[in-house]
Amino acid sequence: MTLPKNSHLRLLIVTAGLIVLILILQFALPVIIHPKIWEIVGFMVVLSFLISLLNAFLLKSFADSFFQIMVLAMILRFIASLTFIGIEVWPQMENILLFIADFFVVFLFYLVFDIYTFLANLRPISK
């Protein structure tokens, strides 16, 4: 089974899968899920959506700079993520390690999705 061609629909499907996985883990192993997990997921969904919009705009304008645009997107995602962690951890949050571990897992989940999208787009763009 392959994901649909629309990247926004793919993002919605992957996010729904992640939410189901988090809900299952909250009931099965509540110790490994931080109470702010929904803020993490919400941040990553919004960030991924905004980056996909930016990618679409830049790829329409500069189609020959595909690799540079994708690297820019990954760098922006990383900087925004570090900023989010800094803002969330600054006011002396409880259980910081669990928060960072959960954030890392969700970040990797969306990064793998981003890399999958990147690789799926290589073939149609290559000449």
Side-chain angles (χ1 to χ4, degrees):
M1 183 175 143
T2 61
L3 290 174
K5 298 291 182 196
N6 186 348
S7 64
H8 302 301
L9 187 57
R10 285 188 213 173
L11 179 65
L12 183 66
I13 292 170
V14 168
T15 301
L18 179 65
I19 288 172
V20 168
L21 181 65
I22 290 171
L23 288 172
I24 291 170
L25 286 174
Q26 271 187 330
F27 290 115
L29 298 166
V31 179
I32 64 169
I33 302 295
H34 196 274
K36 291 194 173 208
I37 189 70
W38 301 114
E39 290 178 24
I40 295 170
V41 172
F43 169 76
M44 291 306 295
V45 168
V46 169
L47 181 64
S48 294
F49 179 72
L50 291 176
I51 286 178
S52 70
L53 288 179
L54 178 66
N55 279 351
F57 172 74
L58 289 175
L59 285 172
K60 284 181 184 175
S61 301
F62 309 102
D64 55 335
S65 301
F66 178 75
F67 179 73
Q68 290 87 353
I69 292 170
M70 291 312 228
V71 170
L72 173 69
M74 288 184 190
I75 290 171
L76 286 175
R77 181 186 311 273
F78 183 70
I79 291 171
S81 297
L82 287 178
T83 304
F84 176 77
I85 289 173
I87 290 170
E88 287 292 321
V89 171
W90 183 267
Q92 302 300 325
M93 173 190 294
E94 292 183 21
N95 211 348
I96 293 172
L97 289 178
L98 182 61
F99 176 81
I100 292 175
D102 286 351
F103 185 88
F104 183 70
V105 169
V106 173
F107 178 83
L108 284 178
F109 191 82
Y110 280 100
L111 187 64
V112 166
F113 173 72
D114 197 33
I115 291 170
Y116 171 79
T117 305
F118 174 72
L119 293 175
N121 287 332
L122 280 179
R123 176 155 281 179
I125 291 175
S126 66
K127 296 179 182 179

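When the side chain to side chain donor-acceptor pair (under 3.5 Å) test is applied to Ser52, no partner is found at least two apart in sequence or on another chain. Partners of Ile96 under the side-chain contact (heavy atoms from CB on, under 4.5 Å) rule, at least two apart in sequence or in another chain, are Val89, Met93, Ile100. Taking Leu108 as the reference, Phe104, Leu111 meet the side-chain contact (heavy atoms from CB on, under 4.5 Å) condition, with sequence neighbours excluded. In this structure Ile79 satisfies the side-chain contact (heavy atoms from CB on, under 4.5 Å) test together with Ile75, Thr83, sequence neighbours excluded.
Hydrophobic clustering, with ILVMFWY side chains joined whenever heavy atoms are under 4.5 angstrom apart, keeps Leu97 apart from Leu29. Residues Met74 and Leu72 share a hydrophobic cluster, clusters being chains of Ile/Leu/Val/Met/Phe/Trp/Tyr side chains in contact below 4.5 Å.
Within the structure, no pair that satisfies the side chain to side chain donor-acceptor pair (under 3.5 Å) test touches residues 56-71, not counting sequence neighbours. The salt bridge (Lys or Arg N to Asp or Glu O under 4.0 Å) contacts involving residues 43-58 comprise nothing, where partners must be two or more places apart or lie in separate chains. Every pair passing side chain to side chain donor-acceptor pair (under 3.5 Å) that includes a residue from residues 40-49 is listed here, sequence neighbours excluded: Ser48-Arg77. Each side chain to side chain donor-acceptor pair (under 3.5 Å) pair with one or both residues in residues 86-104, not counting sequence neighbours, appears once here: Lys36-Glu88. Residues in residues 37-59 take part in these ring-ring contact (aromatic ring centres under 6.0 Å, His included) pairs, two or more places apart or across chains: His8-Phe49, Phe43-Phe84.
Screening Ile22, Leu21, Leu23 for a side-chain contact (heavy atoms from CB on, under 4.5 Å) with Ile19, the sole residue that qualifies is Leu23. Residue Val45 is tested with Leu12, Thr15, Leu18 for a side-chain contact (heavy atoms from CB on, under 4.5 Å); the sole match is Thr15.
One finds the CD1 atom of Ile51 at 11.0 Å from the CG atom of Leu58 (value rounded to the nearest 0.5 Å). The distance from the CD1 atom of Ile33 to the CZ atom of Phe99 is 13.0 Å, given to the nearest 0.5 Å. To the nearest 0.5 Å, the span separating CZ on Phe103 from CD1 on Ile40 amounts to 7.0 Å. Between Ile13 atom CD1 and Phe113 atom CZ the span is 8.5 Å, to the nearest 0.5 Å.
Smallest separation of non-hydrogen atoms from Leu98 and Ile32: CD1-O, 3.4 Å. Residues Ile69 and Phe62 approach most closely at CD1-O, 3.6 Å, considering heavy atoms.
The shortest side-chain heavy-atom distance between Phe109 and Val14 falls under the 4.5 Å cut-off. No side-chain heavy atom of Leu50 sits under 4.5 Å from any side-chain heavy atom of Leu76.
In the hydrophobic clustering (ILVMFWY side chains linked at under 4.5 Å, chained through shared members), Val20 is joined by Ile24.
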